[in-house]
Amino acid sequence: QVQLAESGGGLVQAGDSLRLSCATSGPTFEMYAMGWFRQVPGKEREFVAGLRWTGDSTYYADSVKGRFTISRDNAKNTVYLQMNLLTPEDTAVYYCAADFGGPGLDDQGMYDYWGQGTQVTVSS
């Protein structure tokens with residue numbers, strides 16, 4: 001059983017940076033990818049960034065491309081989301097997720113395990 005735990009959310013001002021962490025535990029050796037998603041009340045959860053576990057290819061939503069970076073630290077079994085130049089539109093609950101099913105990093109249906117989420121609030 002894979003477990004994921006996000007941390008690092010908080011309240012920041014527009015233009016600030018924030019780094020989210022996702023600590024993983026359990027058998028991850030067959031994992032295909034890790035992803036970050038976000039959700040605001042009343043809207044569907046949306047893809048933010050994805051990282052192929054083999055090869056480290058990364059993928060981003062257009063809305064965050066150039067501002068957010070997904071990365072990992074194998075020694076710490078942790079995936080990060082570095083968020084720069086934050087805007088109020090980035091305000092959401094951010095979730096990390098693990099995909100064991102294969103291609104489709106931007107498709108939340110491909111992800112098998114989810115963290116509990118961490119709130120990010122960006123004030124103007």
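We number each residue from 1, following the sequence as shown. Keep in mind that the numbers below use all heavy atoms, side chains included, and drop hydrogens, waters and symmetry copies.
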Checking Asp90 side chain against Thr87 main chain: does a donor-acceptor pair fall under 3.5 Å?
yes
Answer yes or no: is there a donor N or O on one side and an acceptor on the other, between the side chain of Glu6 and the main chain of Cys96, under 3.5 Å?
yes
Nearest heavy-atom neighbours spanning Ala98 and Met31
CB-SD, 3.4 Å
Taking atom NZ of Lys65 as the centre, does the number of heavy atoms from other residues, nucleotides or ligands within less than 6.0 Å exceed 12?
yes
With heavy-atom distances below 4.5 Å as the criterion, would you say the side chains of Leu20 and Val120 are in contact?
yes
Joint cluster assignment, Leu18 & Leu81, ILVMFWY side-chain distance < 4.5 Å:
yes
Any donor-acceptor N/O pair, Tyr60 side chain to Ile70 backbone, under 3.5 Å:
yes
So, the side chain of Thr91 versus the backbone of Val122: is there a donor-acceptor pair under 3.5 Å, distance only?
yes
Has the side chain of Gln1 got a donor or acceptor atom that lies under 3.5 Å from a matching backbone atom of Gly26?
no
Non-hydrogen side-chain atoms of Leu86 and Phe68 separated by less than 4.5 Å:
yes
Heavy-atom check, side chain of Pro27 versus side chain of Val2, under 4.5 Å:
yes
Shared ILVMFWY cluster between Phe37 and Leu4, side chains joined below 4.5 angstrom?
no
Please tell me if the side chains of Thr24 and Gln3 come closer than 4.5 Å, counting only heavy atoms from C-beta onward.
no
For Ala14 against Ser124, the heavy-atom pair lying closest together
CB-CA, 4.4 Å
For Thr78 and Ser21, the nearest pair of non-hydrogen atoms, with its separation, is CG2-CB, 4.1 Å
Between the side chain of Tyr32 and the main-chain N/O of Tyr111, is any donor-acceptor distance below 3.5 Å?
no
Mind running side-chain contact (heavy atoms from CB on, under 4.5 Å) on Cys22 and Met34 for me, showing each step along the way?
CA-CA 10 Å; Cys22 176; Met34 286 286 295; 3.8 Å; yes
Show your reasoning for whether side-chain contact (heavy atoms from CB on, under 4.5 Å) applies to Thr121 and Val12.
CA-CA 6 Å; Thr121 303; Val12 297; over 6 Å; no
Using modelled atom types only, decide if a donor and an acceptor are shared between the side chain of Arg67 and the backbone of Leu85 within a distance under 3.5 Å.
yes
Should the pair Arg38 and Tyr94 be classed as cation-pi, given the thresholds of under 6.0 Å to the six-membered ring centre and 45° from the axis?
no
Does one side chain, of Ser17 or Asn84, offer a donor that lies under 3.5 Å from an acceptor on the other?
yes
Would you check if the side chain of Ser57 reaches a backbone N or O of Arg52 as a donor-acceptor pair within less than 3.5 Å?
no
So, for Ala92 and Val40, which heavy atoms are closest and what is the spacing to 0.1 Å?
CB-CG1, 3.6 Å
Indicate the atoms forming the closest heavy-atom contact of Ser71 with Leu51, along with that distance.
C-CD2, 4.2 Å
Answer yes or no: are there more than 12 heavy-atom neighbours, outside Glu30 itself, under 6.0 Å from its atom CD?
no
Under a plain distance cut-off of 3.5 Å, with no hydrogens placed, do Arg45 and Gln108 share a side-chain donor-acceptor pair?
yes
Any chance you could lay out the ring-ring contact (aromatic ring centres under 6.0 Å, His included) test for Phe47 and Tyr59, step after step, and finish with the verdict?
CA-CA 10 Å; Phe47 170 77; Tyr59 305 87; 8.0 Å; no
Please evaluate residues Trp36 and Val79 with respect to the criterion side-chain contact (heavy atoms from CB on, under 4.5 Å), reporting the C-alpha separation (whole Å), side-chain torsions for both, the decisive distance (0.1 Å), and the verdict.
CA-CA 9 Å; Trp36 285 96; Val79 175; 3.7 Å; yes
When you measure from the side chain of Arg72 to the backbone of Trp53, do you find a donor-acceptor pair of N or O atoms at a distance under 3.5 Å?
yes
Is a side-chain N or O of Ser63 found less than 3.5 angstrom from the main chain of Ala61, in a donor-acceptor match?
no
